[in-house]
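Notes to accompany the following structure.
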Number of protein chains: 2
Amino acid sequence: MTFLDKITTAQRLSNSLLCVGLDTDPAKIPQRLRAAVDPLFEFNKLIIDATKDLVCAYKLNTAFYEAAGEAGWAAMKKTIAYIPKDIITIGDGKRGDIGNTSASYAKVFFHDCGFDAMTVNPYMGRDSVEPFLQLPDHGVFLLAVTSNSGAKDFQYLKVGKKYLYEKVVEKALRWNVNENIGFVIGATKPKQLLSIRKKAPGVPLLIPGIGAQGGDLRATIRYGCDKNGAMAVINASRSIIYASGGTDFAEAARSEALKLRDEMNRYREEFFHIH
Amino acid sequence: MTFLDKITTAQRLSNSLLCVGLDTDPAKIPQRLRAAVDPLFEFNKLIIDATKDLVCAYKLNTAFYEAAGEAGWAAMKKTIAYIPKDIITIGDGKRGDIGNTSASYAKVFFHDCGFDAMTVNPYMGRDSVEPFLQLPDHGVFLLAVTSNSGAKDFQYLKVGKKYLYEKVVEKALRWNVNENIGFVIGATKPKQLLSIRKKAPGVPLLIPGIGAQGGDLRATIRYGCDKNGAMAVINASRSIIYASGGTDFAEAARSEALKLRDEMNRYREEFFHIH
């Protein structure tokens, strides 16, 4: 199954474009779980149990697991193994290094950890990205326009008549022989989202920045989906996994995920006539 | 002690600009060490014992340690703890993420692991870099011009009359309130090295690409040093740590490190009259 097929299937089965970000911070895990042998995994397990029928993907920002040292790395791998196989797993590590080092990262994250996709930083160019593109059933979300304020410092610099992020998208599409490149584009930037979707009509877009960061969900669906109302993978992390800080955190996460999925589906119906 | 003081002291004490890259690959560790409880650490320990009087810094590319899973992460931390305090330790992770995530990375690498400096990718801009700049005794080497072939894809794009990498250097210097920003610039690019040294006369430059990657050492010293013949931190990894694949690997590493340090010092004498 190709990477695009995996996403198509995951979005059809769940009837959802929602990706839940398992950016799990040990300090925010409810008290009753902290005594568990592996609190990070136990928290994730309960969030996954509560949301797995509502999502097309889970995204794990590797920083949160590295922050917990060796135990965190183990918890990350256990979490990926626990996620049902028909849901996409995205390792949000924003890596990128010289070719042989990127190849090592690709092996670690795809083979050893079992992620379906990784986020990759484009700054080091083609040979830093290509090792992540070798397996047609595994994909890359290359950073294009990020959701943070610093995005303007370099991504919006004008290179001739184009923005740097547009050059990133155009060049990367030429490397896309296995059709497994996607882009990261923040929901806080609807104009840029539209511009990227026009340049890359069929590729998956990983869209963070709704929820805690305040991106507009209706515009995100309208501009971020492909012509079939799919291929947008829309991430919310904190607003879901910390919807409640109490013992009802899993139920609260489900209720928030359901609300987001249904809201997305209403906009998909509005713009793409999907029922 | 500020970050610049730390580098100055480390370079004076060792009379060396050499940084040894501990990019330790388990598959390349000599047979007799593979039975050790912690082969990665044992290999590093012997390399450090054999070279510590010849270097100003050690650089650990985190990819190599992540590749060995939980045991690799532990070996990385043990290695840093083993390196004498007057030698700079650089975590080559090329990280960079939205502000709160970069803050988590800074905590992990500076506080939990004990690195003195980290390499950071500039693509996400100011708020992705600043969390690494909060501690004046810890520093950042921001990627400017990398030594790989893909460097040309984006780093050399023209933004008005300047190259992207020049914009990176110019902007980053404005964030340098704690005087703890340096840049990564490949030894394979002497022209760009000169251009960056002119823009940033006093900052530390981390220069990979001599040794296995073929950069010109004489030009690297000439253009990479500050006016005192210092502040260039010149990295060699594979050519030192794998100088011999046999049981004499530590002696061979010492001999290669000595040769490089002395060659650098001959050029420092030639261009900066340092004896």
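Proteins come first, then strands; the chains are lettered A, B, ... in the order of their sequence lines, and each starts at number 1. Because only heavy atoms are used, hydrogens play no part in the values below, and waters and symmetry mates are left out as well, while side chains stay in.
Counting heavy-atom pairs closer than 4.5 Å to chain A, the top-ranked of the candidates B/Met124, B/Lys171, B/Lys167 is B/Met124. Chosen from B/Asn121, B/Thr101, B/Ile98, the residue pairing most often with chain A at heavy-atom distances under 4.5 Å is B/Asn121. For chain B, the option among A/Glu130, A/Lys107, A/Lys77 with the highest count of heavy-atom pairs below 4.5 Å is A/Lys77. Ranked by heavy-atom pairs shorter than 4.5 Å toward chain B, the options A/Pro122, A/Gly99, A/Ser128, A/Ala151 are led by A/Pro122. If you tally non-hydrogen atom pairs under 4.5 Å between each of A/Gly96, A/Gly125, A/Gly72 and chain B, the highest count goes to A/Gly125. No other option in A/Val108, A/Asp23, A/Val129 has as many heavy-atom pairs under 4.5 Å with chain B as A/Val108. Note: A/Leu143 leads A/Val145, A/Leu143, A/Asp112, A/Asp92 in heavy-atom pairs under 4.5 Å with chain B.
For A/Ser149, the parts lying under 4.5 angstrom from a heavy atom of chain B are both the backbone and the side chain. If you measure heavy-atom distances from A/Asp97 to chain B, the contacts under 4.5 Å come from both the backbone and the side chain. For a residue to count as touching a neighbouring chain, one of its non-hydrogen atoms must lie under 4.5 Å from one of that chain's; by this rule A/Phe109 touches chain B with the side chain only. Both the backbone and the side chain of A/Tyr123 come within contact range of chain B, judged by heavy atoms closer than 4.5 Å.
Taking CG of B/Leu157 as the reference point, atom NZ of A/Lys162 lies at 11.5 Å (rounded to 0.5 Å). Atom OG of A/Ser104 and atom CG of B/Asn61 lie 8.0 Å apart (nearest 0.5 Å).
Of all the heavy atoms in B/Trp73 and A/Gly69, the pair that sits closest is NE1-CA, 3.7 Å. Residues A/Phe154 and B/Val168 approach most closely at CE2-CA, 3.5 Å, considering heavy atoms. The two atoms that bring B/Ala63 and A/Tyr105 nearest to each other are CB-CZ, 3.3 Å, heavy atoms only.
For B/Phe41, the CZ atom counts as densely surrounded, since its 6.0 Å shell holds more than 12 non-hydrogen atoms of other residues, nucleotides or ligands. Residue B/Glu179 places its CD atom among 12 or fewer non-hydrogen atoms of other residues, nucleotides or ligands, all under 6.0 Å distant.
Salt bridge status for A/Arg95 with B/Glu66: present, with a side-chain N to carboxylate O gap under 4.0 Å.
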